[in-house]
Visitor: 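Structure provided below as structure tokens; questions to follow.
Computed over heavy atoms, backbone and side chain alike; hydrogens, waters and symmetry mates excluded. Protein chains get the first letters and strands the later ones, always in sequence-line order, with residue 1 at the start of each. The structure displayed is predicted, hence computed values, not measured ones.
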Amino acid sequence: MKLDLITRIVLVCTIAVLALLIIFPLTNILITATHENGRAVFSSIFSSPVTRQIIKNTVLLGSTVGVLGTLIGFLLAYAQTRLEFRGKKILHIISLIPLISPPFAFATAVIVLFGRSGIITRDLLGLSPVLYGYPGLVIVLTTSFFPVAYMNLLGMMRSLDPSLDEAAASLGSSKSKVFVKITFPMLIPGIASSFLLLFVESIADLANPLVIGGDFTVLSSRAYIAINGEYDVAAGAAYSVVLLVPGLLVFLLQRYWAQRKNVVSVTGKPSGRVRNIESKGAKFFLLSIPFAMSSLIIMVYVTVLIGGFVKVLGVNNEFTLDHFSYIFSGIGNDAIIKTTLLALIATPIAGILGMILAWLIVRKIRRGRELMDFLGMLGIAVPGTVLGIGYAVTFNHTTKLGEFSLIPQLAGGGAIFGGALAIIMVYTIRSSPAGQRSGIAALQQIDPAIDEASASLGASGVVTFKKVTLPLIRGALLTGLMFAFARSMTTLSPIIFITTPDTPIMTSKILSEVDAGRFGNAFAFCTILIVLVSLAMSAINLLVRGRSIESLSNPLN
Amino acid sequence: MATNSLISIAEGDSKVRASDSSRLQLSNLSKEFGQDPDRTVAVDNINLTIEPGEFITLLGPSGCGKTTTLRMIAGFENPTFGSILLDNQDISKLTPDRRPMGMVFQSYALFPHMSVYENVAYGLKIKKLPAKQIEQEVGFVLATMSLEFLANRAPNQLSGGQQQRVALARAMVMRPKVLLFDEPLSNLDAKLRSQMRIEIRQLQQRLGITSIFVTHDQDEAMSISDRIVVMRNARIEQVGEPAEIYRHPKTVFVADFIGRSNFLTVEKIQSKTKSGKIAIKVLGKNMEVDAHEDAVTASNPVLLIRPESIRIKRSHSKNQEASGTQGRVLNVVFYGAHVEYEIETEKGNLVAVVSDPKHDEIVPVGQMAEFSFDENRAWLLPSGD
Ligand SMILES: Nc1ncnc2c1ncn2[C@@H]1O[C@H](COP(=O)(O)OP(=O)(O)OP(=O)(O)O)[C@@H](O)[C@H]1O
Ligand SMILES: [Mg+2]
């Protein structure tokens, strides 16, 4: 189709926005990393045992979390699709909670529960394990990220045609043989991609290594130290480039798999009934880990909740509102309002950007749609640490083109709007991929002839988008935005590099409370954050339900 | 205001309509998809003029380029080459929303989040007509299409036929200069299909809108069109009125695609007789037949005889061999209104349809039958492809 003028303008503007929000900062990071100190980092990969140890640590951590998280996610998905038991729905919901948790909730609660002077380890069991470092990180990151694997595998296992299992079983294979020979091979792509996703998520994480990492330094925490401790931007950039490589590789692999997905999911409509496993012993074995996991999650949440209302949890369990009044009276107040406000500003922008991208990709451009999709998704494919450092090196000063100042200083002290703009930009580019993905999925289900009908009735591309496309994908959009908002509110790694005293952000405030050992304040902060996120999610949920188009999008014939 | 509305057109006299209708010309229109190793030529150098108010059908087998041609006219595909003229103005550079075309889609493509009324009003709202006028025009169209009682329904609460009527109303209310249909009836059952095509045809004639209708159903094409364009492999094979295409096909492909055909090889040809016909010898008989101009010079012309032109009689000859105009009945199917025969002759098998058959005249399977046909009903055409 010939693109009309307005659509062309939209296309150009979108590319410009992406260039500003992600391409420019990433390019800058690459350039900065090639400065002298950056080059030193690269060569130290080969020469310095310290740097090599950091890389080894990173890979070790990523692999462990990848394996454990995938295993747990798999058991949970298996239980959901192939087992019948009480509490199935609740188990599902609990399994998703970590997706929207503030980053410190787990780390802090785990220290309080299982640390050297932990409530459970010392008070109940009389142990004093060393939690800081590798073991603590594995526990916390696995708990935080296994839901990613769970969701991934759940979708895949649901789409597997049970009639295949049935056919095999009716040919005389025993259940375990059916699983090993039929089900498992079909899940291998899902398992592999889950592992890779978890690997990348965990090496990209910054919050937990800072809180519970101890001496176990990984690339992200090393980059943080380089910038915030040693003020060596080039070295920080170089570390994050090393971090960027596996992130992007996995992202590309993941896309490659997603394209071949229809080979795996045989049909959209499973035709047989799933044969449930009846044996009590097998059930108990398969369910023990999922239930242990969800108990841990509940325990963590209870700890966070109670921890905010007592003096020092486990030491002085006297009820108090001190933590909350500390937060609401001081700088915390400001952080709550500003964080929420900035996330609220960014979310709709991200939603619109994501939807426009989806629309351009699915409906408007033929050549280069792969590239466009890739650029749009970069915001999430790039580790938060890398993005944050990219923003810091790019927007901490005015960008000049010769004598002419092209972009004013957006981040850091003295920036316009106190650096709020850079934070909104980060939230936007981190959130728009969620809108883009759900938009693409929704658009692909809408008959392209509907767009064409609108065009032949005289509507330009943009009018069609506004009057036809957008109303039809609103549900998907809002759901995507719900997660995007939660993500913005709880993200730390990109923010920590660009937050300023003028723009206090909750997550970075929580970090300073944890750093100072004031766990009670941190818990209270987390509770407030969780409440805010839940409120926003319920509000959006109501909106979606109120205007559902499902009842309209299903023609008879 | 009202002079430009659908209402005034519908109520106006036929002269107004004719002068108001548009002529559409496709010249050297071509479309290629893809790059060189796997390049597809979907439309290959098509030239066609559609007269004002005419109803044209594009007919052809799957993949011959009908949809692509239509989509180029609507503006959804860019021609690789060639131009599209509407009333002598080149519109091929315009985006779809700037072209005065209405399109009716195979999938109806109703807006699922709007009621029937809103669907029909959509285009007029985009045009920013006054609310009063929109109400009038939509009301009128809904009434014309007997859709008033459905005005507040959502598309998913309609039957397939009703959805198609709404789609038609939605296109019609814009008073397009050209109406485009891409297999609009193919999702309907047979009965509704024939009813809808009558409705479409009547409405089109009443409003005098130049129309292009894509189908691969020959009955549909025959019953609805002023002229049929038979397409094959991205090219136009023949253009003509339905009767012309049926009786005087230019090629074996057209003859075969439209209706059923018997082809007989011709033994001897003589050039034109005084009556303008061609003298030939076929099945041992001399006759004079009408012929396509290329058939005279063609190396191997064939004679087309439609099954309904063949007469069948029980043979009383002692000779039980198929020879001359005698053949063995291989198959007989009784349909009530007509009987269909398959007959083995020395020139190959023939299909014959005899209508209103008397019971005792039906020749049973295995018997010899004498067949004949009226030379005025035969048509000589070149066999080469
Ligand atoms: N977007 C496209 N990209 C590549 N090839 C295409 C595209 N659209 C159509 N074609 C090819 O062009 C040729 C003509 O297609 P077209 O859809 O016009 O056929 P059609 O006559 O409408 O067939 P049908 O009766 O099956 O609808 C086909 O070979 C088809 O594969
Ligand atoms: Mg077609």
Visitor: Please indicate whether B/Phe33 has more than 12 foreign heavy atoms, meaning atoms of other residues, nucleotides or ligands, lying under 6.0 Å from its CZ.
Guide: yes
Visitor: What I'd like to find out is whether the side chain of A/Leu457 reaches to under 4.5 Å of the side chain of B/Ile126, using heavy atoms alone.
Guide: no
Visitor: Please determine, by modelled atom types, if B/Asp97 and A/Ser460 share a side-chain donor-acceptor pair under 3.5 angstrom.
Guide: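 Side-chain D/A pair, B/Asp97 to A/Ser460: absent.
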Visitor: Please report the interatomic distance CZ(B/Phe111) to OG1(A/Thr464), rounded to the nearest 0.5 Å.
Guide: 7.0 Å
Visitor: Quick one: which of B/Ala171, B/Gly102, B/Ala109, B/Ala74 has the most heavy-atom pairs under 4.5 Å with chain A, could you say?
Guide: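 It is B/Ala109.
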Visitor: Heavy-atom count check: over 12 atoms from other residues, nucleotides or ligands less than 6.0 Å from A/Met537 CE?
Guide: yes
Visitor: Can you tell me which portion of A/Ser454 sits under 4.5 Å from chain B's heavy atoms? Options are side chain, backbone, both or neither.
Guide: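 Looking at A/Ser454, backbone and side chain both touch chain B.
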Visitor: For B/Arg170 and A/Ala453, work out which heavy atoms get closest and say how close.
Guide: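 For B/Arg170 versus A/Ala453, the nearest heavy atoms are NH2-CB, 3.2 Å.
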Visitor: Heavy-atom count around B/Lys177 NZ within 6.0 Å, excluding the residue itself: above 12?
Guide: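 It does not: B/Lys177 NZ has 12 such atoms or fewer within range.
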Visitor: Indicate the atoms forming the closest heavy-atom contact of B/Ser107 with A/Ala449, along with that distance.
Guide: OG-CB, 3.7 Å
Visitor: Measure from the side-chain N and O atoms of B/His113 to the backbone N and O of A/Thr469, and report whether any donor-acceptor pair falls under 3.5 Å.
Guide: no
Visitor: Checking heavy atoms, do the side chain of B/Met101, its backbone, both or neither come under 4.5 Å from chain A?
Guide: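 Contact with chain A involves the backbone of B/Met101 alone.
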Visitor: Could you tell me which portion of B/Leu110 (side chain, backbone, both or neither) has an atom closer than 4.5 angstrom to a non-hydrogen atom of chain A?
Guide: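 Contact with chain A involves the backbone of B/Leu110 alone.
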Visitor: State whether the number of non-hydrogen atoms from other residues, nucleotides or ligands found under 6.0 Å of B/Arg193 atom CZ is greater than 12.
Guide: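 Result for CZ/B/Arg193: enclosed.
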Visitor: Just so I know, are the side chains of B/Phe76 and A/Ser456 near enough to count as touching, which here means a heavy-atom distance under 4.5 Å?
Guide: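 They are in side-chain contact.
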Visitor: Identify the two heavy atoms, one from B/Tyr122 and one from A/Val468, that lie closest to each other, and give their separation to 0.1 Å.
Guide: OH-CG2, 3.5 Å
